Amino acid sequence: MTATLEPTQTDREAAQRAYDLDRKHVFHSWSAQDTLDPMVISAAEGSHLWDGEGNKYLDFSSQLVNTNIGHQHPAVVAAIAAQAAKLCTIAPSYVNDARSEAARLIAERTPGELDRIFFTNGGADANEHAVRMARLHTGRHKVLSAYRSYHGGTHLAVNITGDPRRWASDNGSAGTIHFFPPYLYRTAFHSTTEEEEAQRALEHLEQLIEFEGPSSMAAIMLESIPGTAGIYVPPAGYMQGVRELCTKYGIVFIADEVMAGFGRTGKWFAVEHFDVVPDLLTFAKGVNSGYVPLGGVAISPEIAATFGTRAYPGGLTYSGHPLATAAAVATINAMEREGMVQHAASLGTDVIGPALAGFAERHQSVGEVRGRGVFWAIELVKDRATREPLAPYGSSSTEMNQLVAACKSRGLIPFANFNRIHVVPPCNISVEDALTGLAILDEVLDIADTYAA
């Protein structure tokens with residue numbers, strides 16, 4: 001481990017009690033319950049965590065890629081405490097200053113005229129409501145989304161999802177249709193260049209629209225830069241092409257920014273990299289670094305007008321919850337004041353990007369590296385020539401499990417999915433800590449190389 005803070009006997013007993021109660025009573029998501037041995041986290045600060053034994057870890061996962069400003073930022077903690085002392089909760093039908101100010105700050109940063117904000121409790125319900133808005137606005141039902149995507153765990157959101165987490169809940173009745181997005185490293189279009197991949201992916205998408213019937217298409221939902229699916233950055237021209245297809249056929253373009261938004265890619269929203277404005281933009285996670293559950297939909301004037309005199313048939317008890325929106329206000333102001341978005345951009349261009357390029361040169365297990373800001377993926381393969389992944393699509397492997405264990409034994413919490421390790425530290429991680437984490441990954445990739453041809 002990088003360091004150990006010796007816990008007291010009371011600390012150890014508290015950690016053990018928490019673990020025992022968890023295993024007895026807590027039902028964990030996406031897990032076979034009897035196989036779990038979860039880590040107890042007793043404390044967190046900045047880019048670091050401490051387990052129940054007092055071991056210190058560098059958090060290169062930002063938990064679920066949501067603690068964009070790190071753990072326990074004092075300004076946000078203070079804002080939550082102050083709001084709790086003032087007004088803990090209020091129904092969404094009433095005005096409260098935290099919600100109003102959060103909406104203003106978000107609207108100032110969204111692209112174009114996406115300046116009406118509907119607040120939700122998280123990213124999945126943000127995506128559900130965006131689809132509901134699109135369906136009601138267009139009078140159509142079908143929704144197109146990409147394979148290798150993730151849009152949330154609620155029923156419609158997981159059906160929109162294009163990865164194996166959908167399979168158990170997909171009865172083919174949600175009105176969702178999937179298409180192949182551009183992904184040159186594992187191209188479905190036999191492309192050899194980014195330009196070819198963008199062009200052929202757009203041709204495929206338009207053909208699908210024509211075959212399925214443009215008049216039945218309510219929305220196309222895309223992660224601006226896909227997250228857990230692999231952080232594969234769309235090639236130049238693709239997002240503009242999707243925008244043009246949506247405009248041509250009267251389809252609502254929904255940009256899912258739940259993971260990529262709020263500084264993660266070195267811009268407030270990842271869609272800014274592509275100079276396009278969607279009709280709806282969903283967010284969550286980084287809006288308040290996950291300190292209190294919050295998500296939302298930023299809405300274009302045209303779609304907002306649909307519900308000017310017609311009631312929008314949807315809402316949530318905790319929409320725009322004062323504690324959550326107060327945390328968002330403090331988070332956005334701290335990110336602005338401390339230059340976190342610019343810092344994330346420079347980390348990507350000056351620190352993480354060059355380091356990962358070096359990994360690709362030195363390690364035969366590295367098939368490709370890709371990303372922006374503090375949002376990167378290392379794709380691991382058994383054979384560079386065949387691109388056979390180190391874990392099968394939709395699953396893990398003994399090799400990947402060993403790499404994750406090797407990271408943790410060196411004091412690093414990684415984010416791993418299928419055959420990839422994602423480099424996704426907080427936007428405000430120090431250069432020193434970023435280099436420390438990258439050095440650990442460099443060591444661990446030596447182990448990965450033993451599995452590669």
Side-chain angles (χ1 to χ4, degrees), residues 41-50 56-90 92 96-110 117 119-123 126 257-269 282-296 298 318-345 347 373-375 413 415 424-430 433-434:
I41 299 298
S42 298
E45 183 179 10
S47 299
H48 293 92
L49 305 167
W50 285 262
K56 182 180 180 182
Y57 299 85
L58 182 60
D59 188 0
F60 245 42
S61 70
S62 297
Q63 293 306 282
L64 291 174
V65 199
N66 65 325
T67 54
N68 287 14
I69 64 169
H71 299 274
Q72 301 298 113
H73 191 290
V76 182
V77 172
I80 295 169
Q83 183 62 47
K86 176 182 177 182
L87 180 69
C88 275
T89 190
I90 197 71
N96 78 81
D97 55 358
R99 183 193 301 136
S100 298
E101 181 65 3
R104 181 187 73 84
L105 290 171
I106 294 164
E108 283 183 350
R109 286 157 178 82
T110 51
I117 309 299
F119 285 110
T120 67
N121 301 328
E257 292 270 350
V258 169
M259 187 174 283
F262 289 95
R264 176 60 48 186
T265 69
K267 292 186 180 290
W268 280 103
F269 294 98
T282 60
F283 61 86
K285 292 186 182 284
V287 65
N288 64 6
S289 213
Y291 284 28
V292 184
L294 182 66
Y318 305 114
S319 176
H321 192 282
L323 296 183
T325 50
V329 170
T331 296
I332 294 168
N333 285 335
M335 294 184 78
E336 192 73 73
R337 183 172 61 249
E338 298 173 27
M340 293 187 204
V341 179
Q342 296 87 343
H343 182 65
L347 282 172
V374 286
F375 201 42
I413 300 293
F415 187 103
V424 286
C427 297
N428 60 343
I429 189 173
S430 68
D433 282 341

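Keep in mind that the numbers below use all heavy atoms, side chains included, and drop hydrogens, waters and symmetry copies. Source: prediction; values computed, not measured.
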Yes or no on side-chain contact (heavy atoms from CB on, under 4.5 Å) for W268 and F262, after CA distance, side-chain angles and deciding distance?
CA-CA 5 Å; W268 280 103; F262 289 95; 4.0 Å; yes
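Among residues two or more places apart in sequence or in another chain, the side chain to side chain donor-acceptor pair (under 3.5 Å) test is passed with T331 by none. Residues passing the side chain to side chain donor-acceptor pair (under 3.5 Å) test with N428: none are found, sequence neighbours excluded. With sequence neighbours excluded, the residues forming a side-chain contact (heavy atoms from CB on, under 4.5 Å) with S62 are T67, R264, P426, listed by chain and number. Applying the ring pair (Phe, Tyr, Trp, His ring centres under 6.0 Å) test to Y318 and every residue at least two apart in sequence or in another chain returns nothing.
Shortest non-hydrogen contact noted between G263 and V341 is CA-CG2, 4.0 Å.
How far CD1 of I41 is from CG of D59: 8.5 Å, rounded to the nearest 0.5 Å. E101 contributes atom CD, which lies 10.5 Å from atom CD1 of I106 (distance to the nearest 0.5 angstrom). To the nearest 0.5 angstrom, K267 atom NZ is 14.5 Å from R109 atom CZ. Between M340 atom CE and H343 atom NE2 the span is 9.5 Å, to the nearest 0.5 Å. Here the CG-OG distance, from L58 to S430, works out to 8.0 Å after rounding to the nearest 0.5 Å.
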Which pairs of donor and acceptor atoms, one on a side chain in residues 289-296, lie under 3.5 Å apart (sequence neighbours left out)?
unit_1 : atom_1 : unit_2 : atom_2 : d
S289   : OG     : N68    : N      : 2.9
S289   : OG     : I69    : N      : 3.0
Y291   : OH     : G70    : O      : 2.6
Y291   : OH     : Q72    : N      : 2.8
Y291   : OH     : H73    : N      : 2.7

Which side-chain N or O atoms in residues 74-89 pair as donor and acceptor under 3.5 Å with protein atoms at least two apart or in another chain?
unit_1 : atom_1 : unit_2 : atom_2 : d
Q83    : NE2    : L87    : O      : 2.9
K86    : NZ     : D97    : OD2    : 2.5
T89    : OG1    : H321   : NE2    : 3.3

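Among N66, T282, V65, the single residue meeting the side-chain contact (heavy atoms from CB on, under 4.5 Å) criterion with V258 is T282.
No donor-acceptor distance shorter than 3.5 angstrom exists from the side chain of K56 to the backbone of H48, with no hydrogens or angles considered.
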